[in-house]
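Below: the structure, in structure tokens.
Indexing begins at 1, ligand by ligand and atom by atom, following the structure's order.
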Amino acid sequence: MNEIQGLLTVFAPAKINLHLTVLDKRLDGFHNLESVFLSVNFGDSMHFQFIDPENSIEITMQGMKSPIPMEKNIIFKALSLFRQKTGFSRGVKITVEKRIPLGGGLGGGSSNAASTLLALNRLAGAPCSQRALLEMAVSLGSDVPFFIHETPAALVTGRGEHIQPIEAPPAYFVLVNPGFSSDTAAAFRLLDSQRASGTPNNEPAQAEERLRTIGSCCSCGSWLEFSNDFLSIFPEKEKNVYEGIILRLKELGAQFSSLSGAGSTCFGVFQDSEQAQKAAETMNLSWGFSVFCSVHRN
Ligand code: C5P
């Protein structure tokens, strides 16, 4: 974070789900998850500035094809919630340099929302504890709490609110977005409908042991235990695109490749930085969006 007299610039990182298992559907309609989240040094920049009059809000999203209506913008929701909980009344202008693709499974909106809460808390003189920020975060979205922790990697359980920081793997990443977005709620519905028609559900038993194994595999860069439950549920057309990208990333040297979240961005994990950069360049020739990145550490 850089702060100059009420002007604050923050980096809102993207995340990838190195691993994602969807467990049972809960009474609140959300699903319990077992996931490994990783924060990467590719993301959006957000500039915060005080403006007149009190309680005013201006949000400018740069780099987006079509604007998000104010009341649907999660940044607006985060600011409104923060004002409601704290009484913070300064007028705020937020300018976002948007790079993370929308509906891409990279947590772009969630990261923007978390960065908004963290930045406002700082500008307001820290009226909220981390616990209070986490409560606001989970009401904004399941992926938001991870970003409040500002940790490079974590085991994430519950609907996304239980965060256990772990050591990030010693690796480089290539993110490839196929140029279409994925609707998270629709993907969960599709997964439910397929499970209802016979696909076995995952057993929540032995969760602690599974998580311990996954956590230690992550920190030493051993990928055998890693998968994404969404990969198998999509219709043939999308599935073929994802499988094609994932295979190509492996051919280009990735030790492991998969889908992030409920799509649509795929990623490859590389041991060698140069090989990853070359893979990102090669993938850029076929796909509009391919970036090289590494772990984001604060
Ligand atoms: O919380 P978020 O807004 O990211 O979730 C979008 C949708 O994805 C939810 O409305 C819900 O249908 C589904 N979801 C879920 N279980 C989760 C996270 C999301 O069923 N753990």
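Judged by distance alone, the side chain of N121 and the main-chain N or O of C128 form a donor-acceptor pair under 3.5 Å. Of the possible polar contacts, one joining the R83 side chain to the R90 backbone as a donor-acceptor pair under 3.5 Å is found.
Taking the six-membered ring for Trp and the full ring otherwise, F292 and F42 have centroids separated by 6.0 Å or more.
In the candidate list R159, R189, H31, H31 is nearest to atom 16 (N) of ligand 1, counting heavy atoms.
For F30, heavy-atom contacts with ligand 1 shorter than 4.0 Å involve the backbone as well as the side chain.
Looking at N177 and T265, their side chains do bring a donor and an acceptor atom within 3.5 Å of each other. A donor and an acceptor atom, one from each side chain of T157 and N32, are nowhere located under 3.5 Å apart. Remark: the S80 side chain and the Q84 side chain contain no N/O donor-acceptor pair separated by less than 3.5 Å.
For atom 3 (O) of ligand 1, the closest non-hydrogen atom of the protein is G141 CA, 4.2 Å. Atom 1 (O) of ligand 1 has S142 OG, 2.6 Å as its closest protein atom, hydrogens excluded (heavy atom only). F188 CE1, 3.4 Å is the protein heavy atom nearest to atom 19 (C) of ligand 1.
Using a 4.0 Å cutoff on heavy atoms, G29 counts as a contact of ligand 1. Taking a 4.0 Å cut-off on heavy atoms, T184 registers as neighbouring ligand 1.
Less than 4.0 angstrom separates some heavy atom of L33 from each of these atoms of ligand 1: 21 (N).
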